[in-house]
Amino acid sequence: MLNTLFSGDFPRSRWLTGLLLLIAVALLLAPFLFPGSRPLDTAAKVCIFIVLVASYDLLLGYTGVVSFAHTVFFGMGAYGAAIALAKVGPGWGALLTGGALGVLSAMVLALLIALFSLRVRAIFFAMVTLAVASAFAILVSQLFHITGGEDGLSYSLPRELTPAFRLVQDKVFDVRIDGRLLTYYLVLTACAGLFLGLLRLVNSPFGRVLQAIRENEFRAEALGYRTVLYRTLASCIAAGVAALAGVMMAVWARYTGPETTLSMDIMVNILLMVVIGGMGTLYGAVVGATLFVLAQNYLQTLMAGLSSAVSGVPVLPNLFAPDRWLLWLGVLFILSVYFFPTGLVGRLRGTGSGR
Amino acid sequence: MTHAEHPVLATDGLTVRFGGHVAVNDVTCAFHRGTLTAIVGPNGAGKTTYFNLISGQLKATAGRVFVNGEDVTRFPAPRRTERGIGRAFQLTNLFPNLSVLENVRLAVQARSAHGFSLFSMASRHVELIEQAEHVLARVGLLDRAGAVAATLSHGDKRKLEVGMMLALERDILMFDEPTAGMSVDEAPVILDLIRQIKADTSKTILLVEHKMDVIRSLADRIIVLHNGYLVADGAPAEVMSSPIVQEAYLGTGVADHV
């Protein structure tokens, strides 16, 4: 049962298992453990980024394909749902149709990019994806009458997903069971399903071929695998999953704009999360995304506290001023890459494998 | 014309040029079912390049390659493998971070239809794993099945290299110096294996080898490449005694055979 659910690919480290369980329990009980809208917002973003980062790891860590267009697919899903909700109105039909169209067009675009450029060398593919990402961002900003341009789109959700909707009249454990909570659990369930789906994919015969391509494409070809087909299919699947994460982002944030879905910052963040967590291990996506999103949301708060705690000492308060959180995020990243070149998961598996 | 009339493998005027250097020059040769042909020649004679042209790792500048009478010259490597060509490489060419079993399992899987099975668990395709273990037992690596390929000794890597080709179960088997760098104790495992495969007369074997005693005991026929040209072709005793081979093989006073 557990073997089927996790596709036989277990964390293989006591520490990692503990960490993953902690993250899972925290996400599952987030609305009850950490009341308030900001913690819930962070938890939902952790879920969404776990899926987004895991789908990117399918390309980078498992297949060895470097792409910079992952945010484009994420954005296509988000804009698909957002445009439909903004133009048609807050209905389930609009949400599902728009989302489905977004996912579909992301997969078609991934197919086109792959057909044009996966045959050639890796660096060329990376450059093509970079160009596509820039072009798409410009397109979104220019087509402002559809996409809202740089301002993005705000829209309403179907009534069942709004804070005004009450599933249960009374509070449960002092928490209102409203549409927002329902949305969170929808996102959480979808993300868990997608993650386990990806875990199955990388442990399938298909996933093994992807790893073979990463390890030695030349030999994979000599064994008879048509590697271009495999990489193309992997690209399309990764794009589809990223777009689904985008749909969830659009639903959760009730706003879709270039800053939240398409910016190069997000692309870089995805890369960082994959590397911090550990490439080629989907569990790395869980660890990396959780730590990164937490740092993004709480490092500033933490530093404000730290800064005031050392307020008597010279220089230090300035060094830890909340505005400098990006500097410290950078330092943390450099340290983690330096000390854990195989990512946190690789590190934990290396030391805690005494199972 | 029936397929039986064709040689299993043939090259016709096969040539490849790298800039001004012609590495394989107008090689026309046919290989028949149930034979083992040794390909000899000094370093740089074009033996491995000839193999690369046959199995599709290199595109020919001119000439054609036929498998069972079908022109495969324009086929990429995977399609040639489908048509029956199996290849073990001279420079060991493994999936270094995967397990020994997984290396062979991937080869077994390559000839099954499971490559595009997206949502089944690879570990539940027991038949593929059993076949891979069978191959590992044949090359004497079953006890190392769980090891990461990169951690194997040189000799074991050579065995795995050969195992991956065997697992493909192709009709044409191309060994490129299978015992190169192996210790005296290890080489016989591979040589016995080649002998066993040879007993199966449905196979066509091509073997690049330097050790003359190995060639003498295994080969039905020898072809000699020198500076990219096919300079001799015949029964082992005959070819080995010819002056052209003595000269080419010893590498003394490299004569121009054009």
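Heavy-atom basis, side chains included; hydrogens, waters and symmetry copies ignored. By convention in this document, chain letters (A, B, ...) are assigned in the order of the sequence lines, proteins followed by strands, and residues within each chain are numbered from 1.
Two residues are said to be in side-chain contact when any heavy atoms from C-beta on lie closer than 4.5 Å; B/His114 and A/Arg208 fail this criterion.
Atom OH of A/Tyr185 sits in a crowded spot, with more than 12 heavy atoms from other residues, nucleotides or ligands closer than 6.0 Å. Within a 6.0 Å radius of CD1 in A/Ile123, other residues, nucleotides and ligands contribute 12 heavy atoms or fewer. Within 6.0 Å of NE2 on B/His154 lie more than 12 heavy atoms contributed by other residues, nucleotides or ligands. More than 12 heavy atoms of other shown residues, nucleotides or ligands fall within 6.0 angstrom of atom CZ in B/Phe18.
Here A/Leu201 is the residue among A/Leu201, A/Thr227, A/Asn3, A/Val209 with the most heavy-atom pairs under 4.5 Å with chain B. Of the listed residues B/Arg105, B/Met165, B/Arg87, the one with more heavy-atom pairs under 4.5 angstrom with chain A than any other is B/Arg105. Comparing B/Arg79, B/His125, B/Arg111, B/Arg80 by how many heavy-atom pairs each has under 4.5 Å with chain A, the most go to B/Arg79. Highest contact tally toward chain A, considering only B/Ala107, B/Pro96, B/Ser123, is held by B/Pro96 [criterion: heavy-atom pairs under 4.5 Å]. Listed options B/Ser120, B/Ser55, B/Ala77 were ranked by heavy-atom pairs under 4.5 angstrom with chain A; first place goes to B/Ser120.
Aromatic pair B/Phe119/A/Phe206: ring centres not closer than 6.0 Å.
In terms of modelled atom types and a separation under 3.5 Å, the side chain of B/Thr81 and the main chain of A/Ala222 share a donor-acceptor contact. With hydrogens and angles ignored, the 3.5 Å screen pairs no side-chain donor or acceptor of A/Gln211 with any backbone N or O of B/Leu98. A donor-acceptor pair under 3.5 Å links the side-chain atoms of A/Asn216 to the main chain of B/Leu94, judged by distance alone. In this structure, the side chain of A/Tyr225 engages the main chain of B/Leu106 through a donor-acceptor pair within 3.5 Å. Using modelled atom types, one side-chain atom of A/Glu215 and one backbone atom of B/Asn97 make a donor-acceptor pair closer than 3.5 Å.
Using a 4.5 Å cut-off between heavy atoms, B/Gln109 touches chain A through backbone and side chain atoms alike. For A/Thr4, the parts sitting under 4.5 Å from any heavy atom of chain B are the backbone and the side chain alike. Neither the backbone nor the side chain of A/Asp9 has a heavy atom closer than 4.5 Å to any heavy atom of chain B.
Nearest heavy-atom pair across A/Pro205 and B/Ser117 is CD-O, 3.5 Å.
The distance from atom CZ of A/Arg226 to atom CZ of B/Phe116, rounded to the nearest 0.5 Å, is 9.0 Å. Note that the CD1 atom of A/Ile237 and the CG atom of B/Leu118 stand 5.0 Å from one another [nearest 0.5 Å].
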